[in-house]
Protein chains: 2
Amino acid sequence: MEAYESEAWDAIGDPTRRAIMTCLAGQELAVGELADELPVSRPAVSQHLKVLKNAGLVAERTAGTRRIYRLNPAGVAALREQLETFWNRALTGYRKVAEDRNSRTRNTTDEQPKEEE
Amino acid sequence: MEAYESEAWDAIGDPTRRAIMTCLAGQELAVGELADELPVSRPAVSQHLKVLKNAGLVAERTAGTRRIYRLNPAGVAALREQLETFWNRALTGYRKVAEDRNSRTRNTTDEQPKEEE
DNA sequence: CCTATCCGTAAGTATACGCTTACCGTTCGT
DNA sequence: ACGAACGGTAAGCGTATACTTACGGATAGG
């Protein structure tokens, strides 16, 4: 999270927007189709798509009256790279902590990782 | 975003929490130290740390009156894996779209990826 | 031209959320 | 025992946000 004020990270902080991205990961979809798959109104989907588009995570094309949305791979790749950078940095920091803790008493709570799924 | 209702993804949707994680990626820190580095009050930091802890992204140990927080590598790794899975899936979907579009007329808007940093 | 479909956007609303100050329990040093 | 430092939590507050309905422009078919 180097760019911790990043629009894209803000964007995926919302569960409905993550759901939209999950739908689009499978295939491109029109707004109405997305709305059919989600428990929110179509205008809500439009608003979310606008956020995602502004964050560079999705792109659109028009087909008649329809707007077809798809993921923007570059945007998703950027997220991935940022998380990777962060992860590498965290590993370095973690090793440092482990070394420090080899030489002193500690009182540790909540050591167990909490699984996300 | 397979687990799109995931607490951890919700958690990092907030810029202050991302900032906290960035600080902790460098080294473990006490609450007060974190508060010194961020433009929010110490109780605000506590509240954010609680969210991060419940999401499995940080862990704590006590040292006297101090609570020292650090990143939880397992939690961060889980995010990374989920994003990786999502990315692979998106790539598959993207290839499918590219194939579909080779055989039909399209009208594309906003094709350019928007850089995050 | 008329009608239907699609979808962006405006406006409104409820509420979640991120912030603050205040309080109080815990720990430690004197 | 007392005071200082630390930090969790309660309570309050302002506002951003995610939702809704309504409106209207664009497109396409008859």
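Below, chain A is the first sequence line, B the second, and so on; all start at residue 1.
B:Val40 and B:Val51 are members of different hydrophobic clusters when ILVMFWY side chains are connected at heavy-atom separations under 4.5 Å. Both B:Leu83 and B:Met21 are part of a single hydrophobic cluster, where members link through side-chain heavy atoms under 4.5 Å apart. When hydrophobic clusters are built by joining Ile, Leu, Val, Met, Phe, Trp and Tyr residues whose side-chain heavy atoms come closer than 4.5 Å, directly or via intermediates, A:Leu52 is grouped together with A:Leu38.
The list of salt bridge (charged side-chain N to carboxylate O under 4.0 Å, His left out) pairs with a residue in residues 39-50 of chain B, not counting sequence neighbours, is empty.
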Nucleotide-resolved protein contact map, nucleotides 8-19 of chain C, B/S/- at heavy-atom distance under 4.0 Å: BBBB------SB
Protein-to-nucleotide contact annotation, 5' to 3' order, nucleotides 25-30 of chain C [B base; S sugar-phosphate only; - none; under 4.0 Å, heavy atom]: -BBS--
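Residues A:Val58 and A:Lys53 are in side-chain contact: their nearest non-hydrogen atoms beyond the backbone lie under 4.5 Å apart.
Annotation: side chain to side chain donor-acceptor pair (under 3.5 Å) contacts of B:Glu33 (sequence neighbours excluded): B:Arg66. Qualifying side chain to side chain contact (heavy atoms under 4.5 Å, CB included) partners for A:Thr65, counting only residues two or more places apart in sequence or in other chains: none. Under the rule for a side chain to side chain donor-acceptor pair (under 3.5 Å), the partners of B:Glu84 that lie at least two apart in sequence or sit in another chain are A:Arg80. Remark: A:Glu37 engages A:Cys23, A:Leu29 in a side chain to side chain contact (heavy atoms under 4.5 Å, CB included) (not counting sequence neighbours).
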One pair to check against side-chain contact (heavy atoms from CB on, under 4.5 Å): B:Gln27 and B:Ile68. What are the steps and the verdict? CA-CA 10 Å; B:Gln27 64 190 115; B:Ile68 316 292; over 6 Å; no
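Here the C1' atom of nucleotide C:dC7 and the CD1 atom of A:Ile20 are 14 Å apart, to the nearest Å.
Nucleotides of DNA chain D that come within less than 4.0 Å of any heavy atom of chain A span, from the 5' end to the 3' end, D:dA18 to D:dA28.
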